[in-house]
Amino acid sequence: MVNSNIVARTGNEAMAEAMRQINPDVVAAYPITPATEVVQIFASYVADGLVDTEFVPVESEHSAMSACIGSAAAGGRTMTGTSSQGLALMAEMLYIAAGLRLPIVLADVNRALSSPINIHCDHSDTMMVKESGWVQIFSENCQEAYDNMLQAIRIAETAKIPVVVTTDGFIISHGMERMEMLSDADVKKFVGEYKPENYLLNLEKPITIGALDLTDYYFEHKRQQIEAIRNSKKVILDVAKDFAAKTGRSYGLFEQYKMDGAEIAVIAMGSTAGTAKVVVNALRKKGVKAGLIKPRVFRPFPKEELADALAGLKAVAVMDRSDSMNAHEGPLCVEIKAALFDKGVSKTVLNYVYGLGGREIKLEDIEFVFGELADAAKGKPVSRVSYLGVRE
Amino acid sequence: MKEMTEIRWHGRGGQGAKTAALLLADAALASGKYIQAFPEYGPERMGAPVTSFDRISSGPISLHSGVINPDVVIVLDPTLMDSVDVTEGMSSGGTLLVNIERSPEEVKKIFNIPAEVRICTVDASKISKETIGREIPNTPMLGALVKATGILDFKDMIEDMKKKLEKKFKSKPEVVEGNLKAIERAYKEVKS
């Protein structure tokens, strides 16, 4: 076990501290609300000589990710941070980073996408790039933001897949909470030294990166990438196991909260899962067999594991903080239903799209969801898709 | 005391409502509490009404929605009270702490505060001018808050503040002294 300090930090400070302790070779970034502080605070560490990082202040997020790709291809440990429109502008380069198997770590502060323009939290930015080939890890609070960043660098470098760690904009990014920080020395030991297997600056073993790959080999390379994403599940769990051994804080692909004997459960990601825990506690006191599942890792999607966890329930409510614009439901719900279908489980699955553009999600909202779930479990007709807290 | 106390700060952009919430949370953390501190993000401008929040608890806090029913409301600028209902959502028996030169009885009458709200007043603006040399009421309000609610141990709080201020203002001992004096005076002078 390692020693840890109890501190008060906002989500952005927590992520910047993790980056300081990781001490990457290169950070290339462009500021955007509400993620600006992550790289702004990190830039002050660079200016103060607390890290050895080469900080590249670029002119756009597209350039930020391009510079990160260059750095990672050269063999450098590379990190960045962004949000919303910034992630959208990076999208082209995110696919390239993943296809080139470059282990970049990106701190994304979840924020709604334009239009209409909005600076507050929802998950539409992260969901927009869910097919980009990055591992996606959601954080409930400041502690998880910090812990996930430390684990992300190990996951990325072991699986040779870039990793995005997210927090909820303003709710976590600008909310100060009690958290435990590892010592600099312990983080250094945990993340280890990065020794890339193949890299451009290795003159002993010259390689080509980013070559044209047409009908002859493109498919094989993509197939390998798909396999790597599949295998990254084990890497994520291995890193989590080592992290738990050192810190006592356990992480999995998802968290099961009061799921023992649960008959109904809500599935929610990010900060809302914390609020849902308060509701679950109150319901359990009243004798309602309620539980919560909090997906931590959205990519790779823990399909079999989630289907197993849900198998015994009477009804499930999936809370989506974004919509798929597929004319039926949110992205998390689509995945959950596919997982259950392949498991051969037919179950009542309700979908609640909520919190778009930072719309407040209150305890009463989650109580309402559990109320409808209880009705659905009894066979009463309940709308399959609802928009929680919207005026219409 | 309840397991968790929820606090709302009212101020005007630039008056330090956010900083006060962060300072309080930091002080509470130092005394072993679990904390949250967060501002409300809107179109904040210098002088416009703003709010910030604290949650202080003896156990971990997983709640991530806004503070709707605060146990304590602190008003840094009484001129807000003409246009903002600072008692909105206050839990019954809650405490309203106002930076104003008037007495709790006068505040109750002038602003028509409901009977179930406990009112405390302190002239933190005057105190800060006399001790720190300029009008920054947020630090003295921390002293008044501790007296009015007993949310933290005063001695612990002042020692923790001293440590933090000395670290932040290494080359300005007069700033440290002024702030500590302001907190102590507000602690003594708050009326309920």
Side-chain angles (χ1 to χ4, degrees), chain A residues 5-13 33-34 111 118-121 139-144 167-180 255 257-258 268-282 292 294 321 354-355 358-367 389, chain B residues 2-9 16-44 50-70 88-89 91 142 152 157 160-161 163-164 167-168:
Chain A
N5 288 324
I6 291 168
V7 294
R9 292 285 183 277
T10 65
N12 282 345
E13 288 168 350
T33 301
R111 166 186 149 181
N118 180 296
I119 58 166
H120 292 281
C121 174
S139 320
E140 176 187 322
N141 51 36
C142 298
Q143 181 75 63
E144 291 192 5
T167 60
D168 282 352
F170 290 112
I171 304 162
I172 301 304
S173 69
H174 288 65
M176 185 195 250
E177 295 181 333
R178 177 194 195 274
M179 56 168 272
E180 291 181 29
E255 181 188 344
Y257 187 77
K258 306 246 161 119
M269 297 199 293
S271 61
T272 304
T275 306
K277 285 175 183 172
V278 179
V279 178
V280 169
N281 290 344
L292 167 81
K294 179 186 79 184
R321 202 162 191 156
Y354 76 99
R359 177 61 51 84
E360 175 85 353
I361 178 87
K362 299 193 280 282
L363 290 169
E364 298 89 87
D365 298 320
I366 298 168
E367 284 163 7
Chain B
K2 275 174 55 176
E3 196 192 328
M4 181 162 73
T5 305
E6 296 187 306
I7 299 168
R8 183 171 69 212
W9 297 79
K18 179 186 165 185
T19 309
L22 297 181
L23 274 174
L24 173 63
D26 225 1
L29 179 93
S31 69
K33 306 265 195 214
Y34 287 79
I35 53 98
Q36 276 182 356
F38 50 97
E40 179 180 65
Y41 280 90
E44 66 260 40
V50 293
T51 48
S52 60
F53 308 91
D54 283 293
R55 284 196 177 102
I56 296 174
S57 172
S58 50
I61 308 168
S62 74
L63 182 61
H64 280 118
S65 53
V67 170
I68 302 161
N69 303 117
E88 190 187 355
S91 55
L142 288 173
L152 298 176
M157 194 267 268
D160 178 60
M161 277 296 163
K163 254 193 279 170
K164 279 173 191 144
K167 204 172 154 195
K168 198 171 171 187

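Naming convention: chains lettered A, B, ... in sequence-line order (proteins, then strands); numbering from 1 in each chain.
Note that the CE atom of M179(A) and the CD1 atom of I35(B) stand 11.0 Å from one another [nearest 0.5 Å]. In this structure, OG in S65(B) is found 4.5 Å from CG in L363(A), a value given to the nearest 0.5 Å. Here the straight-line distance linking atom CZ of R178(A) with atom CD1 of I56(B) works out to 13.5 Å at 0.5 Å rounding. In this structure, CD1 on I172(A) lies 9.5 Å from CZ on F38(B), to the nearest 0.5 angstrom. Put simply, CE on M176(A) and NZ on K18(B) are 9.0 Å apart, with the number rounded to the nearest 0.5 Å.
Using a 4.5 Å cut-off between heavy atoms, V7(A) touches chain B through its backbone atoms (N, CA, C, O) alone. Using a 4.5 Å cut-off between heavy atoms, E360(A) contacts chain B through its side chain alone, with no backbone atom that close. Of the atoms belonging to L29(B), it is side-chain heavy atoms, and not backbone ones, that fall under 4.5 Å from chain A. If you measure heavy-atom distances from A37(B) to chain A, the contacts under 4.5 Å come from both the backbone and the side chain.
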If you apply the rule side-chain contact (heavy atoms from CB on, under 4.5 Å), what do you find for N141(A) with S62(B), and how did you get there? CA-CA 8 Å; N141(A) 51 36; S62(B) 74; over 6 Å; no
side-chain contact (heavy atoms from CB on, under 4.5 Å), that's the test. Do H64(B) and E177(A) meet it? Break it down for me. CA-CA 11 Å; H64(B) 280 118; E177(A) 295 181 333; 2.6 Å; yes
